[in-house]
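Worksheet: one structure, shown below.
The basis for the numbers below is simple: all heavy atoms, side chains too, and nothing from hydrogens, waters or symmetry mates. Everything numeric here is computed off the predicted structure, so don't read it as measured data.
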There are 2 protein chains.
Amino acid sequence: MTPKSTGSRAELRANQTAAIKVVARRLIADQGVADLSLREVSREMGMVSSALYRYFATRDELLTALIFDAYSELGAVVEKAESKIARGDTRARWRAACAAVRKWATSHPHEYALLYGTPVPGYLAPNVTIAAATRVPGVLGRILSDDVELHPRRRLVDKKAAVDVRPFLQVDALTPSMPNVAPEHFVRALMAWTNLFGTVSFELFGHYVGSVTSYRQFFDRVVEELADFAGLA
Amino acid sequence: MTPKSTGSRAELRANQTAAIKVVARRLIADQGVADLSLREVSREMGMVSSALYRYFATRDELLTALIFDAYSELGAVVEKAESKIARGDTRARWRAACAAVRKWATSHPHEYALLYGTPVPGYLAPNVTIAAATRVPGVLGRILSDDVELHPRRRLVDKKAAVDVRPFLQVDALTPSMPNVAPEHFVRALMAWTNLFGTVSFELFGHYVGSVTSYRQFFDRVVEELADFAGLA
DNA sequence: TCACTTTGGAGAGCACTGCTCTCGATTTTG
DNA sequence: CAAAATCGAGAGCAGTGCTCTCCAAAGTGA
C-alpha cells in the first residue's frame, strides 16, 4: 500500500487506527463478534494482516477498543435523549432514557451483544472501559436523584424495602451517582437498571419468543412499571 | 481406536455420543464455549477429529445438544429444589427456586453463559430446546399461580398495572404456565423472571463490579423485592 | 546536511481451527 | 453368505491469530 497523501506521522497513525476500528465495527455489525477476523479487516483495508499488529497488539485489544467505543456511543446517545426533556419531568426523562437504550440496542444488536452478552473469558475491563460503561446507569441514577430532589414526598412506604444495604452494597461508590437517593432505595435503583437491560437482552437474545408479540409495547409497559417500582413521580 | 468391549451398534453409538458430550461439557466448564475445539474433544477421547463428525455433523450441532442438556439440568435442579417446599408456602418456594438458579449459575458459569449469554449468530433454537428452556419460567409461573389459588386476596391495587396485555403478550401461550394468574399480572410475572436472570447475568458478567460487595446478600434482597413485586403472599 | 533511529507495511511461516473426502476394517442385514 | 451400512484413520483444504524477518520511508540530532 502506498503511503497516504500527507500528514504527520502521529496523524497518520491516528487515522489508520480509527480506520481499522471503523472497518471492524462494520464487520461486527454485519456478522457478530464471533466471526470478526483480523485478516478480514486487513483485507478490507488493502493491507496485509501482519501490518495490523502495528496498531493493535492482539485481537482482544482491538475488541477492547471497540467495546469502549460502543459503551461511549450508547452512553452519549442516552445522555442526549434524556437531556432534551425538561429537568422536572423525571418520568419523561426516564422514558426517554429507557427508549434510547432499546433503540440503540435494536439497531446495533451485535454491538449490544458485545457489551451485554457473554464476556470474553478471562477478560477484565480496564478502568477507562468501566467509566464508559457507567454512563447509562449514571443517567438513570441522576433521574432518580432529581426526582427525589424535585418531588419530595414519602417514598417506599413498604417497610420491607427499608433495609440496611451497607452489608452488601458499595454505598460510597453509588452515592455520587444519586446523591439525593437514600441508600435504602439503592436496591430498587439497581433492580430497575438490571431489569431494563435484562428486558432488552431477553428480547434480543430470543428468550421472549412465544411470549411477547409486540416488543415495543411490552417494553413501554415495563418501563412504566420500573418507574413506579423505583418510586418516580 | 479398537472397538469398545461389547454391545449392540446402537448402544455403542449412544455411549460414544454421550461420552463426547461429557468431554465437551468439561472443556466448556474449564475454559468457556469460545475455546471449545472439536479437535481437542477428539484428542481427549483418543480418536481422530474426523471421526467425531460421525456423531455431530458440525460444531454448532454439538453445541445445540449441550445447550439442551444444560437447560434440562438447570430446569431439573430448580424443579427439585422448589418441590421440596410445602406447596402452600409460596414465598419459600419462590426463594428456593431463585436460589437454585443462582447456585447453578455460579457453579456452572460457562454453561450459564452458554444459555443466557450471547447467542450464536443466526442460531435458532429447535423446538425441543425451547421446551427445555421453558422449565424454569414454568416453575416460577406455577408458584405465582399457586399463590393466587391458595392465598386469594386483592392483588396489584395499582390501577396502572391493570393494563390490557393482549396487544403485546401471547396470552394463550402464557396462561397454561400460570392458569390462576390474571393476564393483567403477566407483565409483572415476566419482569420478575427477567429480573432474576438479569441479576444473575449482571453478577456473572461483571456489571455489578464496584457496586455490590456481597452478591449473595444482594441477591436475596432482590428475590424478596421480586416476590413482593409479583404479588406473592 | 547527513548519519542514525524509528516506524510500519510486506511476506513467509507456525500452530491451530472446522470440515471434507477417501479408504478399509468391522458389523449388521436380507 | 453376500451385500450394505457403519465408523475410525488419515490426508488435505481453507481459514484463523500471531511471530518473525526484511526493507523502504519518515523523522531526528549533531
Give the C-alpha distance, both sets of side-chain angles, the deciding distance and a yes or no for side chain to side chain contact (heavy atoms under 4.5 Å, CB included) between E44(B) and R26(B).
-> CA-CA 11 Å; E44(B) 295 235 351; R26(B) 204 194 49 222; 2.3 Å; yes

Ring pair (Phe, Tyr, Trp, His ring centres under 6.0 Å) pairs, two or more places apart, involving residues 39-83 of chain A | Y71(A)-Y116(A)

Phosphate contact (dT7(C) OP1 or OP2) by R13(A) side-chain N/O below 4.0 Å = no

Nearest-Å distance, CE (M47(B)) to P (dC7(D))?
-> 10 Å

Do any pairs count as a salt bridge (Lys or Arg N to Asp or Glu O under 4.0 Å) and have a residue in residues 194-219 of chain B, sequence neighbours left out, and if so which ones?
-> R102(B)-E203(B), R216(B)-D220(B)

Can you tell me the distance, in whole Å, between the CG atom of N15(A) and the P atom of dG9(C)?
-> 12 Å

Applying salt bridge (Lys or Arg N to Asp or Glu O under 4.0 Å), name anything that partners E61(A), two or more places apart in sequence or on another chain.
-> none

Which residues pass the ring-ring contact (aromatic ring centres under 6.0 Å, His included) test with F219(A), sequence neighbours left out?
-> none

Can you check the R54(B) CZ to dC19(C) P distance for me, whole Å?
-> 15 Å

Whole angstrom value for the distance that separates C1' of dT17(C) from CG of D35(A) | 13 Å

Bend of the helix from dT1(C)-dA30(D) to dG30(C)-dC1(D) from end-axis comparison, five pairs per end, nearest 10°, comes to 10°

Residues in salt bridge (Lys or Arg N to Asp or Glu O under 4.0 Å) contact with R166(B), at least two apart in sequence or another chain = D164(B)

Protein-nucleotides 2-5 of chain D N/O pairs closer than 3.5 Å?
none

Annotated protein contacts, base or backbone, on nucleotides 10-18 of chain D with a non-hydrogen cut-off under 4.0 Å, one of B, S, - each | B-B---BBB

Any pair counted as salt bridge (Lys or Arg N to Asp or Glu O under 4.0 Å), so long as it reaches residues 68-77 of chain B, sequence neighbours left out | K21(B)-D69(B), R25(B)-E73(B)

For E79(A), the salt bridge (Lys or Arg N to Asp or Glu O under 4.0 Å) test, sequence neighbours excluded, returns R135(A)

So, T64(A) versus D60(A): side-chain donor-acceptor pair below 3.5 Å or not?
-> no

Return the value, rounded to whole Å, for the distance between atom CD of E11(B) and atom P of dT28(C).
-> 11 Å

Take the protein atom OH of Y55(A) and the nucleotide atom C1' of dT6(C), then report the distance between them rounded to whole Å.
-> 13 Å

Output all residues satisfying ring-ring contact (aromatic ring centres under 6.0 Å, His included) with Y215(A), sequence neighbours left out; order by chain, then residue number.
-> none

Residues which pass salt bridge (Lys or Arg N to Asp or Glu O under 4.0 Å) with R142(A), listed by chain and number, not counting sequence neighbours = none

How close or far is atom C1' of dG8(D) from atom CE of M45(B), stated in whole angstroms?
-> 12 Å

Whole-Å distance, L12(B) CG to dT26(C) P, equals 15 Å

